[in-house]
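Heads up: the structure comes next, in structure tokens.
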Amino acid sequence: LHRAAAARRVALSGGAAAVILAFLGIAAAATGLHGTAKGALFEEMREQVMSLASMAVLAVDPGQVSAAIALADPAAPSVQALERSLTRICARAPELRYVWVMRRPGAGETTLELVAAGVPPRTGEVPVRSGEAFDASPYPVLLLGFEGPAADRDYSVTDEWGIALSGYAPIRGPAGDAIAVLGVDMSQLDVAARFEALDRRLLITLLLSGALSLVALGMITAGVMLLWIRQRSPPDG
């Protein structure tokens, strides 16, 4: 093999370079397509959580929200009734981890106050209780939810409760002004599960490309050796 490679160094080097370049090209194309597919899937999830938030608002009574805001007491019947309504919304959408309502105590403030929250049975307790403050300054899209339907633009940033993607929609009072914002949350685990199939396909593509490249290198090496052996063999007769 060493003598054959030395005698056919140019052919062997050219063939190996062609195979390596082909592998790198396939890997780059697969990685680019993978990124495009993940971006498209994330946009689809953004539209989904925005739609879920907009539909959830229709299932919430603004009068019930106003009554809960007036009391801001977890033990108040109006707050508990609102929590049951939000929990029913969670039960109808198993992909959601939390459904909650927050209000803005003052105009232009970035510190919000939780009115009520609902969770599916599998999740357990809500991390924030009714009446507790929430600093919304790191989440500017949440504040946009007072103006109209919105959703997070980045799933790589998670909060302390493991939420990676949220959708928001305003709850409007009789005068048409936003009295609160309703949010729906998807956990980081649920978002990651959506991407697992794409990541698995990329890995399979790279492994297959690598295996085929090794086969191609083996065939090129074998061809060079056979050509060298044939040229060194004495002619028949």
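- Linking ILVMFWY residues whenever their side-chain heavy atoms come closer than 4.5 Å, directly or via other members, places V184 and M55 in the same cluster.
- For the side-chain contact (heavy atoms from CB on, under 4.5 Å) criterion with V65, the lone passing option out of V79, I171, L182 is I171.
- By the rule that hydrophobic residues join a cluster once side-chain heavy atoms approach within less than 4.5 Å of another member, V191 and L198 end up as members of one cluster.
- In this structure, F134 has its ring center under 6.0 Å from that of Y139.
- With rounding to the nearest 0.5 Å, the separation of CZ in R172 from CZ in F146 is 11.0 Å.
- Both V181 and V141 are assigned to one and the same hydrophobic cluster, defined by single-linkage of ILVMFWY side chains at heavy-atom distances under 4.5 Å.
- If you take CG on L41 and CD on E43, they are separated by 10.0 Å, rounding to the nearest 0.5 Å.
- Closest non-hydrogen pair, G183 versus Y168, comes out as CA-CD2, 4.1 Å.
- Scanning both residues, C90 and V99, for their nearest heavy atoms gives SG-CG2, 3.4 Å.
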(message) Working note: L142 + L112, criterion side chain to side chain contact (heavy atoms under 4.5 Å, CB included); need CA distance, chi angles, decisive distance, verdict.
(response) CA-CA 10 Å; L142 190 162; L112 307 182; 3.1 Å; yes
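- The two atoms that bring F42 and R153 nearest to each other are CE2-O, 3.4 Å, heavy atoms only.
- Closest approach of A164 and D152 over heavy atoms only: O-OD2, 4.3 Å.
- For the atom pair OG (S166) and CG (L96), the distance works out to 9.5 Å, reported to the nearest 0.5 Å.
- Counting heavy atoms from C-beta outward, R104 and L143 have side chains that approach closer than 4.5 Å.
- In this model, no donor atom of one side chain and acceptor atom of the other lie less than 3.5 Å apart for R84 and T87.
- Sorted by first then second residue, the side chain to side chain donor-acceptor pair (under 3.5 Å) pairs that include residues 48-59, not counting sequence neighbours, are Q48-E95, Q48-R194.
- The backbone N or O of R97 sits nowhere less than 3.5 Å from a side-chain atom of D185 that would complete a donor-acceptor pair.
- Both I163 and W100 sit in one connected hydrophobic cluster of ILVMFWY residues. Membership requires side-chain heavy atoms under 4.5 Å apart, directly or through other members.
- In terms of heavy atoms, A59 sits closest to I89 at CB-CD1, 4.2 Å.
- Taking CG from L206 and CG from L202, the interatomic distance works out to 4.5 Å, rounded to the nearest 0.5 Å.
- Both M186 and V57 sit in one connected hydrophobic cluster of ILVMFWY residues. Membership requires side-chain heavy atoms under 4.5 Å apart, directly or through other members.
- Rounded to the nearest 0.5 Å, atoms CG (L208) and OG (S213) are 10.5 Å apart.
- Here the shortest heavy-atom pairing between S78 and A67 reads OG-O, 3.5 Å.
- Checking side-chain atoms of R103 against main-chain N and O of I179 turns up no donor-acceptor pair under 3.5 Å.
- In this structure, L217 CG and F23 CZ are separated by 11.0 Å, a value rounded to the nearest 0.5 Å.
- Contacts classified as side chain to side chain donor-acceptor pair (under 3.5 Å) and involving residues 14-34 (residues at least two apart or in different chains) are given here: H34-D199.
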